[in-house]
Amino acid sequence: MKIKFQLPDLGQFPSTDFNASLSKSSEIFRSIGMGKEAGQEYEAIRQRLILFAVHQETEFCVDKPADVYRVFSVLIQESVPDDVLGMLLQKDGFYRLLQSITPSIDESNWELICKKILTLYYSRYYDLNRLPAEARKMFDSLIQELMHKYDGKNRMVLQAIPRVKPILQGAKYILESYPRGTELRVIYNDLFLLSHFEIWEALQIAYFIERVKTWHPNQYDEFVQSILKEILIHKDKSIGGPRSLLEEAAYIMLSKCHVIGRISAEWLEWLREHVGDPRLSRYEYVWLRIDALLYRWVRGLLSQQDVKEFLTIMTDGNNDEVYQYRQQFWMQYVNRVQFSKVMLGRDAQAKVRKTQPELFKRMRKDPEIYSSLDENERSCIYMDFGDFCVIEGTHSAKVRFYSESPVNLTRKSYHYQDFYTTTKASNALIHEVGHHGSDRYHWQNLIRNYLSNEFRLHVLLDKIFLPDLYIGTRERIKQDLYSKGQSID
């Protein structure tokens, strides 16, 4: 009997599982020698370091060279519950400690200490990068001197020696020391890092920021989306300033988009989902950390989008003869809107639910932006133009102008009377116009002139006419308006 052997498909090797196992094994081997120390001598050094930090002693006595090695072991290992390094950093204790132990470093221990001090720097990268200038200068000098003299075989140290300057300068400079386009995993393996090292996290953050800087305005291809997924994993990580990694990525891309004056629908949706809608009060501080100017810009773009949707797909001409005239008129001013809030009646909500299910989901998700109006037919929209506010409405509503918002904009529902009967609304009201003579462009031209005279918002009369209006009809309307004392300029 012949036995047939099925040869494996060598084109599938090495497999993903194999590579993952290999990486895990490599990390385990790298960590050998960095394990947690114990014993009476180690514990004695730990207790002495805590007392040194707590009592702010001026000198830390070292009895034998091996104690210096144990000092760095304690600083690396002890973070919970007693963060010994953290204690030392509070009152310049780390600087005084370095002054005390440096004279005890000699040929008998410098190779071991070199590995330990490099491990300490990699492990506590963030804390050590916040050292006062004098302490940091001493720490850097010690590492550089030890590496200059190093004659050992530790691969992590050997790989760090030719890059010691950029390593001490920070993650951004480490990236720059490698050829452009070098992948993160290559750097990770080359420097023999471990996944729990803080410097590895800093390298990832710096790498993501540098990648975002290379993107074109509104670029949203597969490469961009893959980086954004990684950014979301580390989104709350600090980058050393007021912003998180996520906020910095948003700032970089939005700055590029602002220069060209346009942001894509994909990016607007991504920002709304992951950073938060800037029109919602709970996200205001997040957006202000990104940038106040960009915050107002994006909030305005989203608000303008809502005004357009209110005028076109949220409302219709059913039993509302003003619909098409209202739409044509406010479309000429929509790009001046800085903030808006939709207030839909029951009929409009039912219409959107039936014809625009995705929009309806968004409305249900954010009732602070898309609120309800306790009316059947009538719906309203609040528009903030900066110097003044407007509430426009359908089905026999008036156009009302205010010096400030007449209502609490965080509410989820309103009554139509809230816009003119309350003390707050009455005090804020500065002008109102009814929708009379739409087909003669009576109310439209009244408001056009009001906006031009009071707020310097200039729109040509021809712009507010319906597009299909004949030239002869336009001229007769202009003559009629002029005869009634309205400006047609």
Side-chain angles (χ1 to χ4, degrees), residues 172 175 180-181 204-313 330-342 358-359 362 365-366 368-370 383-386 457:
K172 176 184 175 182
L175 294 177
R180 187 177 182 85
Q204 293 177 82
I205 291 172
Y207 176 83
F208 297 143
I209 290 174
E210 291 306 308
R211 294 286 77 74
V212 175
K213 288 179 179 178
T214 66
W215 297 346
H216 303 300
N218 293 312
Q219 184 178 341
Y220 198 71
D221 51 26
E222 290 184 7
F223 171 71
V224 168
Q225 292 177 53
S226 67
I227 296 296
L228 289 176
K229 286 181 181 179
E230 293 295 328
I231 287 174
L232 290 174
I233 295 173
H234 307 275
K235 63 180 182 179
D236 296 323
K237 297 298 181 183
S238 172
I239 62 168
R243 302 187 193 104
S244 66
L245 174 60
L246 175 63
E247 292 161 0
E248 181 69 11
Y251 170 76
I252 295 170
M253 175 52 76
L254 283 172
S255 297
K256 292 172 181 282
C257 294
H258 188 258
V259 170
I260 66 171
R262 185 180 65 82
I263 183 168
S264 68
E266 293 88 354
W267 268 104
L268 274 177
E269 186 58 36
W270 189 88
L271 289 165
R272 184 156 44 191
E273 181 178 355
H274 299 294
V275 178
D277 195 311
R279 296 168 297 173
L280 292 170
S281 55
R282 64 180 178 271
Y283 296 120
E284 180 180 4
Y285 292 115
V286 175
W287 277 93
L288 287 174
R289 279 199 304 271
I290 292 174
D291 186 79
L293 174 64
L294 296 174
Y295 161 58
R296 292 191 294 270
W297 182 56
V298 177
R299 186 178 69 164
L301 291 178
L302 289 170
S303 296
Q304 292 160 21
Q305 177 181 298
D306 277 351
V307 173
K308 292 175 184 177
E309 290 179 344
F310 176 85
L311 295 171
T312 54
I313 62 176
W330 288 112
M331 280 296 191
Q332 312 313 310
Y333 296 92
V334 68
N335 291 337
R336 309 292 186 91
V337 173
Q338 298 180 11
F339 178 76
S340 69
K341 182 179 176 71
V342 173
E358 291 302 317
L359 175 58
R362 191 204 312 164
K365 181 181 178 183
D366 296 323
E368 185 179 325
I369 302 171
Y370 307 101
M383 297 176 284
D384 188 337
F385 287 85
L457 294 183

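Since this is a predicted model, take the numbers as computed values, not measurements.
- Shown here for Phe385 and Gln338, the closest heavy-atom pair between the two residues is O-NE2, 3.4 Å.
- Residues Ser255 and Leu294 have side chains in contact (heavy-atom distance under 4.5 Å, counting atoms from C-beta outward).
- Ring geometry, Trp215 versus Trp267: the interplanar angle falls from 30° to 60°, so the pair is classed tilted.
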- Message: What verdict does the side chain to side chain contact (heavy atoms under 4.5 Å, CB included) test give for Leu359 and Ile313, after you've listed the backbone C-alpha separation in whole Å, the side-chain angles of each residue and the deciding distance to 0.1 Å?
- Response: CA-CA 10 Å; Leu359 175 58; Ile313 62 176; 3.9 Å; yes

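- Heavy-atom minimum distance, Ile260 versus Pro217: CD1-CB, 3.6 Å.
- Once rounded to the nearest 0.5 Å, the distance linking CG of Leu271 with CD of Glu269 reads 9.5 Å.
- Taking the side chain as every heavy atom from C-beta outward, Asp236 and Leu246 never approach each other to under 4.5 Å.
- Listed for the Lys341 side chain is no donor-acceptor partner under 3.5 Å among the backbone atoms of Met383.
- Contact record, Tyr251 with Ile290: CD1-O, 3.4 Å, taken as the closest heavy-atom pair.
- For the pair Ile205/Lys237, a side-chain contact is recorded, criterion being any heavy-atom separation below 4.5 Å from C-beta on.
- For the pair Lys172 and Ala206, the tightest heavy-atom approach, listed with the atom from each and the gap, is N-CB, 4.1 Å.
- By the 4.5 Å heavy-atom criterion applied to side chains, Asp277 and Ile369 are counted as neighbours.
- Annotation: His274, atom NE2; neighbour count of heavy atoms from other residues, nucleotides and ligands within 6.0 Å is above 12.
- Contact of the Met331 side chain with the Lys308 side chain is registered, since non-hydrogen atoms from C-beta on lie closer than 4.5 Å.
- Across Arg243, Lys235, Arg289, a single residue satisfies salt bridge (charged side-chain N to carboxylate O under 4.0 Å, His left out) together with Glu248, and that is Arg243.
- To the nearest 0.5 Å, atoms CZ (Phe223) and CD (Gln219) are separated by 7.5 Å.
- Each of Leu228, Ile227, Ile233 was evaluated against Phe208; a single residue qualifies, Ile227, per the side-chain contact (heavy atoms from CB on, under 4.5 Å) test.
- Side-chain atoms of Leu268 and Leu302, non-hydrogen and from C-beta on, do get closer than 4.5 Å to each other.
- Trp287 places a side-chain N or O within 3.5 Å of a backbone atom of Gly276 that can act as its donor or acceptor partner.
- Scanning all heavy atoms of the two residues, the minimum distance from Pro242 to Glu247 falls at O-OE1, 4.0 Å.
- The closest donor-acceptor contact from the side chain of Asn218 to the backbone of Arg262 lies under 3.5 Å.
- Using a 4.5 Å heavy-atom threshold, the side chains of Trp330 and Phe310 count as separate.
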- Query: Does the side chain to side chain contact (heavy atoms under 4.5 Å, CB included) test come out yes or no for Ile263 and Trp297, once each step is laid out?
  - Reply: CA-CA 10 Å; Ile263 183 168; Trp297 182 56; 4.0 Å; yes

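- For the pair Ser340 (side chain) and Ser303 (backbone), a donor-acceptor distance under 3.5 Å is present.
- Taken to the nearest 0.5 Å, the CD1 atom of Ile252 stands 12.5 Å off from the CG atom of Asp291.
- With a 4.5 Å cut-off on side-chain heavy atoms, His258 and Leu293 count as touching.
- Here the CH2 atom belonging to Trp270 is positioned 9.5 Å from the CE atom belonging to Met253, to the nearest 0.5 angstrom.
- Considering CZ of Arg282 and CD of Glu368, their distance stands at 6.5 Å, rounded to 0.5 Å.
- Arg362 has a carboxylate O that lies under 4.0 Å from a charged side-chain N of Asp306, or vice versa, which qualifies the two as a salt bridge.
- Scanning both residues, Val212 and Ala249, for their nearest heavy atoms gives CG1-O, 3.9 Å.
- The CG atom of Leu280 sits 9.5 Å away from the NZ atom of Lys365 when rounded to the nearest 0.5 Å.
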